[in-house]
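So you know, we letter chains A, B, ... as the sequences are listed, proteins then strands, and number each from 1. Values below: all heavy atoms of this structure, side chains included; hydrogens, waters and symmetry mates excluded.
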2 protein chains.
Amino acid sequence: MRLLLVEDDARIASDVAAVLTAAGYSVETASDGKEAWFLGDTEDYDLVILDLGLPGMDGMTVLKRWRANDRHMPVLVLTARGSWAERVEGIDAGADDYLPKPFQFEELLARVRALIRRSVGHGAATIAIGPVTIDTRAMRVSVNGVPQALTPLEYRLVSYLGHHRDRIVPPTELQEHLYGDDYSRDANALEALVARLRKKLGAFAIGTRRGFGYYMGEHAP
Amino acid sequence: MRLLLVEDDARIASDVAAVLTAAGYSVETASDGKEAWFLGDTEDYDLVILDLGLPGMDGMTVLKRWRANDRHMPVLVLTARGSWAERVEGIDAGADDYLPKPFQFEELLARVRALIRRSVGHGAATIAIGPVTIDTRAMRVSVNGVPQALTPLEYRLVSYLGHHRDRIVPPTELQEHLYGDDYSRDANALEALVARLRKKLGAFAIGTRRGFGYYMGEHAP
DNA sequence: CAGGGCCTGTCAGCGATTTGTCAGCCGCGA
DNA sequence: TCGCGGCTGACAAATCGCTGACAGGCCCTG
């Protein structure tokens with residue numbers, strides 16, 4: 001899962017980013033409004049965490065512009081405690097949830113999870129594909145009911161493929177979501193990752209369509 | 001996704017085309033205004049990248065003529081840095097976005113992605129020609145509803161012919177599209193490819209006009 | 001601070017699939 | 001019927017993806 005964190009206070013930003021990364025998300029950050037707008041408009045994020053007090057361009061304006069351009073990713077807005085005016089305006093602008101500052105990391109994580117789950121359309125917290133079960137809340141994957149010890153990167157890969165089940169995902173897309181903007185890696189890194197995953201989940205958990213990409217679930221040739 | 005790149009500097013054009021191709025787009029190029037106008041007026045592109053300084057016919061004029069003829073594909077205009085007059089004029093002429101030169105390839109790609117995403121929904125995702133259906137989004141081809149296992153090259157060929165349905169496409173054009181500017185291959189490679197494809201899609205899916213080229217769909221002899 | 005273990009990227013070799021090439025055949029159009 | 005362009009099946013080359021081994025980096029622990 002790929003997240004954009006928009007926060008101008010560098011210290012807060014790095015703390016929050018650390019927590020989110022530890023929770024298994026791929027986090028990119030923007031520190032001012034223009035950067036945030038550009039990234040949100042051009043990249044595909046699964047969720048945006050948006051602080052309203054920004055230099056350059058107001059957070060609310062950024063959000064409105066995204067929505068005007070049909071960018072519908074879920075947005076979690078960070079507001080000052082009790083500022084009802086902001087919340088009302090935010091609803092109109094298209095925010096999906098609010099978190100008053102200051103907040104507990106625990107609560108932030110819970111809301112992030114909830115928003116992502118909701119946006120995927122899977123109301124349930126688990127995804128089942130054949131013998132493989134992905135518990136998005138516990139970040140745990142089981143095969144035939146037996147929990148598997150996955151590394152963070154492995155988990156992100158199954159999770160992404162699981163959320164996009166029955167669809168062929170091109171390697172470029174996977175790299176973008178796993179590594180963010182960092183394209184330095186050898187293409188083989190992804191292949192090695194898939195191989196390790198198949199060893200844990202069973203060879204048939206993840207399919208390959210030569211020249212096109214990977215997939216989980218059903219898929220006609 | 002099919003792109004038209006209009007750029008008179010051959011070196012820049014080939015560099016940019018290479019980057020776009022690597023990003024998975026199907027790129028065609030025009031090097032002067034008249035050619036650009038003709039292609040944009042007669043072919044269906046998902047996006048046009050238009051340099052303004054062109055020999056033959058000014059880029060701005062080309063754009064205006066397209067719009068006057070109800071050609072509404074998104075157009076990304078390349079302007080000289082800071083030339084505000086051009087930008088204002090471009091807005092009136094119907095440009096969708098601007099990129100000041102010189103630019104980073106990264107930024108170009110980001111904007112191309114953004115424009116295409118924005119315009120999605122304006123065009124159908126599937127092309128149906130007789131019993132053959134091309135789902136351009138899933139990169140999947142079906143015959144009578146039965147999905148076929150196509151190789152990447154085979155897919156690119158049907159996809160191209162499908163986008164140019166009812167028109168006879170000369171072999172040279174196909175080779176250019178499939179192999180880029182690399183003409184090292186035997187002309188027979190294309191014939192072999194067509195043969196393999198006909199075996200999968202049915203002999204009548206692709207027609208031959210002796211001495212002219214291949215086509216899908218109806219064609220006026 | 002050193003040592004060890006885990007995670008992940010890189011490398012090299014292998015096997016399968018895809019694609020190009022060749023040679024001969026077919027059939028359209030004159 | 002003839003000749004040429006296009007077709008086809010077989011084979012060879014190139015490419016792609018997989019795998020096991022290895023190494024660097026990071027974190028934890030003593």
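Between B:Leu197 atom CG and D:dT8 atom C1' there is a gap of 15 Å when expressed in whole angstrom units. Distance, A:Asn188 CG to D:dT15 C1': 14 Å, rounded to whole Å. Going from atom CD of A:Glu191 over to atom P of C:dT8 covers 17 Å, rounded to whole Å. Distance, B:Asp186 CG to C:dG24 C1': 15 Å, rounded to whole Å. Separating the CG atom of B:Leu174 from the P atom of C:dG20 is a distance of 13 Å, rounded to the nearest angstrom. Distance NZ (A:Lys200) to P (C:dT8): 9 Å, rounded to an integer number of Å. Counting to the nearest Å, the P atom of D:dG17 and the CZ atom of A:Arg209 are 12 Å from each other. Between the P atom of D:dT15 and the CZ atom of B:Arg156 lies a distance of 13 Å, rounded to the nearest Å.
To the nearest 0.5 Å, atoms CG (A:Asp41) and CZ (A:Arg65) are separated by 10.0 Å. For the atom pair CD (B:Glu7) and CG (B:Asp32), the distance works out to 12.0 Å, reported to the nearest 0.5 Å.
Residue pairs satisfying the ring pair (Phe, Tyr, Trp, His ring centres under 6.0 Å) criterion with at least one member in residues 132-160 of chain A, sequence neighbours excluded, are listed as follows: A:Tyr160-A:His164, A:Tyr160-A:His177.
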Within the sub-3.5 Å range, which N or O atoms of nucleotides 10-12 of chain D have a protein N or O partner, and how far apart are they?
none

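Listed candidates were C:dT8, D:dC4, C:dT18. Nearest to the side chain of A:Leu153 is C:dT8. Among the nucleotides C:dA16, D:dG20, D:dG9, the one closest to the side chain of B:Lys199 is D:dG9.
When the side-chain nitrogen and oxygen atoms of A:Tyr179 are compared with OP1 and OP2 of C:dG9, one or more of them lie within a distance under 4.0 Å. Dashed line: the shortest gap from a side-chain N or O of B:Thr151 to OP1 or OP2 of C:dT19 is under 4.0 Å. Distances shorter than 4.0 Å separate some side-chain N or O of A:Arg198 from OP1 or OP2 on D:dC18.
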| message | salt bridge (Lys or Arg N to Asp or Glu O under 4.0 Å), that's the test. Do A:Lys200 and A:Glu154 meet it? Break it down for me. | response | CA-CA 10 Å; A:Lys200 292 183 181 176; A:Glu154 286 168 355; 2.9 Å; yes
| Can you list the steps and then say if A:Asp96 with A:Arg67 is a salt bridge (Lys or Arg N to Asp or Glu O under 4.0 Å)? | CA-CA 12 Å; A:Asp96 297 273; A:Arg67 298 313 191 201; 3.0 Å; yes
| said: Is there a salt bridge (Lys or Arg N to Asp or Glu O under 4.0 Å) between A:Asp44 and A:Arg71? Walk through the geometry before answering. | reply: CA-CA 9 Å; A:Asp44 277 324; A:Arg71 307 294 292 145; 3.4 Å; yes
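In terms of polar N and O atoms assigned as donor or acceptor, the side chain of A:Arg210 never comes within less than 3.5 Å of the base of D:dG17 in a complementary pairing.
Annotation for A:Phe204: atom CZ does not count as buried by contact number, only 12 or fewer foreign heavy atoms lying within 6.0 Å.
Backbone-only engagement by A:Tyr214 is indicated by non-hydrogen atom pairs under 4.0 Å involving sugar-phosphate atoms exclusively.
Remark: A:Arg2 does not engage A:Glu173 in a salt bridge, criterion side-chain N to carboxylate O under 4.0 Å.
No hydrogens or angles considered: a donor-acceptor pair under 3.5 Å links the side chains of B:Arg198 and B:Thr208.
Helix-axis bend for the helix from C:dC1-D:dG30 to C:dA30-D:dT1: the local axis fitted to the five terminal pairs at one end deviates from that at the other end by 30°, rounded to 10°.
Checking side-chain atoms of B:Asn144 against main-chain N and O of B:Val146 turns up no donor-acceptor pair under 3.5 Å.
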